Protein chains: 2
Amino acid sequence: MSTTLHDVARLAGVSIKTVSNVINSYPHIRPATRERVERAIAELGYTPNLTARNLRSGRTGAITLALPYLGLSYFAELAAAVIAEAEKLSLVVLVEQTGGDRDRELDLLKSPRLKLTDGLIFSPLGMSQDDIDALTVSYPLVLLGERIFNAPVDHITMRNIDAARAATDYLLGLGRRRIAVVGAHEGEVFGSAGLRLRGYREALERAGIAYDPNLVSYATLWHRSNGARSMRELLDRGIPFDAVFGLNDTLALGAMRALQEAGRRVPDDILVMGFDNLDEAGYSIPSLTTVDPGQPWIARTAVQTLHRRITGHSSLPPVAAQFAEFEIVARESAPAG
Amino acid sequence: MSTTLHDVARLAGVSIKTVSNVINSYPHIRPATRERVERAIAELGYTPNLTARNLRSGRTGAITLALPYLGLSYFAELAAAVIAEAEKLSLVVLVEQTGGDRDRELDLLKSPRLKLTDGLIFSPLGMSQDDIDALTVSYPLVLLGERIFNAPVDHITMRNIDAARAATDYLLGLGRRRIAVVGAHEGEVFGSAGLRLRGYREALERAGIAYDPNLVSYATLWHRSNGARSMRELLDRGIPFDAVFGLNDTLALGAMRALQEAGRRVPDDILVMGFDNLDEAGYSIPSLTTVDPGQPWIARTAVQTLHRRITGHSSLPPVAAQFAEFEIVARESAPAG
DNA sequence: GTGAAAGCGCTAACAT
DNA sequence: ATGTTAGCGCTTTCAC
């Protein structure tokens, strides 16, 4: 087994309390004693057993981040940002993948595994507003995303409706009138798909353009291949359109790919707009005009909020959701004016 | 505080041992007792304190995965695969980002934080062969990548040299004679860059083609933007080339982007080959011909090997590295003959 | 300034 | 079949 406080204490000829004091940099220790202890620690290569410390303190210094799948770039970039922010607060991050499956999400929320960490940043995809009660849990929880609103937990999210409306306005401002949508979810009201489609419709309405359901195509998982498939479906309908709004970047990139296969040129024939501002959006061919939804802010705010809950610095009841600022990033797939 | 075994035992009118037996599904319990305990557990909403259990058992059921950065797609896909494999063995995964920085990698290896988990899957980027001694640690460790070889630890990696040679052969087989390289590392012998460049040179040599250093451009971080910059540099040299080997997919995609900006057509003027077979390589425009290095196998083998070490099922000394099988995936950027 | 001892919640001998 | 008890390694009163 590894060395313990007792081993160090014995070697240094002091009690374990003194060793503990040295480790936790308790101020009032005689320099000679301190040095003796430090030499013993070095000699034995002692490192404290964090599990024991955690049991004693009731805290682990770790948080859980639960998201659908790291293979989806949006979530990979989210995880990267969360881990980086957590490190600034000396927290480590345990990452769970739910696959966006409702049952696995519900299971996770009551999993004993969560006892291994101090709190949870939770980005559900399969759960919906009906599952709101499952978010009433006994541990610190920060909710991400737009599947569930007004739950009694801290909620950090983005301005989906406003941002999608701004994205649509942008295309309208470039003179487009028949804007196709890729990646909608049948009958969804909340959720990224539902909210972004609503923003799209609001923009059309304000511009006095009728909503044409034939311009909307569906895709369950927001994956490149589904963006391509969804676009092929649109093309097969034979209905003319002059722009495409991919409800996220991956869909938009897949759609561009399908457009190109079909001989349509971007941006000459069709403008394409995405949503997420993934790193990759700046380097596709053509580069992708998109919405930057403020992910770094979301990651930072989520980690800080959770940390305040864990440390008890905030016992305020969670209020309404906090929203990140967004911004349109104009690139080649739909160049500005 | 949360409820404990004692609370459950008191409510059920039994001893804590009995409750413990029920929880750990010890076979010999009277059905009536079992039911009483289960009702008490449900009533109190009891969940076991894993930290305490871990302290007792000496295991946590968690492993650490340390990698450079989740924003790099290759590592995001690796993490996704590792987490999925770990889940099959009921392990959870704590993800650490080192930024590919040598000092942070060395620090991590001796960080007390690792005591929070049972073992480490370590993918270094900044460390080199000189740091081999740092891999002699007191906990189960599985090494990934190609920065360090012949360390006294289990090592799972890919056939960099063979695969790069095969990739180059593929381009040679298509009649190309001036194959540029994007993303080399100055003077590197080991490491993905060094090994892949070596494979490239071996292929040239076997084909009787002289190695031209002017065809090789450098990039430290294997990031899209650096692939583009690296390619612009090559173009600026004004030296003719008829194919490009990006030492990974991200570089190749960035390079394709720069080629396009410069008015070069892929594959009409220039063939492009990548390395990694990222999901995204199938959906770029044009889609990217690349090397599939067998990442799923690597993830699976790494997790299983670590698990065997942790559970003590393998006390065999670690042997030479284990190599994944690779395969060339022909797509549009360099279509097969 | 330092030591002794209790106890965090659990598991596993050992006892009955 | 179930109860008792001793720790896992640490922190933290409370003495001295």
Side-chain angles (χ1 to χ4, degrees), chain A residues 1-38 40-41 44-62 112-118 138-139 311, chain B residues 1-41 44-62 112-118 138-139 310-311:
Chain A
M1 280 308 290
S2 61
T3 65
T4 75
L5 271 188
H6 286 95
D7 302 327
V8 177
R10 198 176 318 122
L11 182 61
V14 298
S15 82
I16 66 166
K17 172 60 164 86
T18 305
V19 181
S20 177
N21 280 342
V22 170
I23 289 169
N24 298 297
S25 42
Y26 178 74
H28 308 298
I29 310 171
R30 232 178 322 165
T33 315
R34 174 191 301 279
E35 205 204 329
R36 205 140 35 91
V37 170
E38 278 168 350
I41 288 176
L44 294 171
Y46 168 80
T47 60
N49 179 319
L50 289 193
T51 306
R53 184 177 288 180
N54 294 342
L55 175 58
R56 194 56 244 246
S57 68
R59 284 196 41 201
T60 68
R113 287 197 222 171
L114 290 174
K115 278 269 166 66
L116 220 51
T117 62
D118 298 330
S138 59
Y139 48 83
T311 54
Chain B
M1 282 305 290
S2 61
T3 64
T4 76
L5 272 189
H6 286 95
D7 302 327
V8 176
R10 200 176 315 124
L11 181 61
V14 297
S15 82
I16 67 165
K17 175 60 164 88
T18 305
V19 181
S20 177
N21 280 342
V22 171
I23 289 168
N24 299 296
S25 45
Y26 179 73
H28 308 298
I29 309 172
R30 231 177 327 166
T33 314
R34 174 191 302 279
E35 206 205 329
R36 204 140 36 90
V37 170
E38 278 168 349
R39 220 177 18 243
I41 288 176
L44 294 171
Y46 169 80
T47 61
N49 179 320
L50 289 193
T51 306
R53 183 178 288 178
N54 294 342
L55 175 59
R56 191 58 243 243
S57 68
R59 284 196 42 201
T60 68
R113 287 195 215 171
L114 290 174
K115 280 268 167 66
L116 220 51
T117 62
D118 298 330
S138 59
Y139 47 84
I310 290 169
T311 54

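Protein chains get the first letters and strands the later ones, always in sequence-line order, with residue 1 at the start of each. This structure is a prediction, so every number in the text was calculated from the model and none was measured.
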* Asked: So, is B:Thr33 near the phosphate of D:dT2, with a side-chain N or O under 4.0 Å from OP1 or OP2?
  -> yes

* If we only count heavy atoms from C-beta on, is the B:Leu116 to B:Thr60 side-chain gap below 4.5 Å? -> no

* Considering just the side-chain nitrogens and oxygens of A:Ser15, establish if one lies under 4.0 Å of OP1 or OP2 belonging to C:dG3. => yes

* To do: Determine the contact category for A:Ser20: base if any of its heavy atoms lies under 4.0 Å from a base atom, sugar-phosphate if only primed atoms, P, OP1 or OP2 are that close, otherwise nothing.
  => base

* To do: Give the rounded distance in Å between these two atoms: CG of B:Asn49 and P of D:dC8.
  => 18 Å

* Asked: Under 4.0 Å: is that the gap between some side-chain N or O of A:Asn24 and OP1 or OP2 of D:dT11?
  -> yes

* To do: Could you grab the distance from atom OG1 of B:Thr33 to atom CD of B:Glu38, nearest 0.5 Å is fine?
  => 11.0 Å

* Would a 4.5 Å heavy-atom cut-off, applied to side chains only, mark A:Ile23 and A:Ile41 as touching? -> yes

* Just to confirm, is there a sub-4.0 Å distance from OP1 or OP2 of C:dT2 to any side-chain nitrogen or oxygen of A:Arg30? -> yes

* To do: Report the distance from atom CZ of B:Arg56 to atom C1' of D:dC8, rounded to the nearest whole Å.
  => 6 Å

* Grab the CG-C1' distance between B:Leu5 and D:dG3 for me, whole Å please. => 14 Å

* Structure fact -> Here the distance between atom P of D:dC10 and atom CZ of A:Arg59, to the nearest Å, is 19 Å

* Can you tell me the distance, in whole Å, between the NZ atom of B:Lys115 and the P atom of D:dG9? => 10 Å

* Asked: Given side chains that start at C-beta, do those of A:Leu114 and B:Thr47 come closer than 4.5 Å, heavy atoms only?
  -> no

* To do: May I ask you to test the B:Asn49-B:Arg53 pair for a side-chain heavy-atom distance under 4.5 Å?
  => no

* To do: Could you state the atom-to-atom distance from CG of B:Leu55 to P of D:dT11 in whole Å?
  => 12 Å

* **Atom-pair distance (CG on B:Leu50; P on D:dC8), nearest Å** => 21 Å

* **Phosphate OP1/OP2 of D:dC8: any B:Ser57 side-chain N/O under 4.0 Å** => no

* To do: Find the distance B:Lys17:NZ to C:dT16:C1' and express it as a whole number of Å.
  => 13 Å

* Asked: For B:Asn54, which contact category applies under a 4.0 Å heavy-atom criterion: base, sugar-phosphate, or nothing?
  -> nothing

* Asked: Looking only at side-chain N and O atoms, does B:Thr18 come under 4.0 Å of OP1 or OP2 in D:dG3?
  -> yes

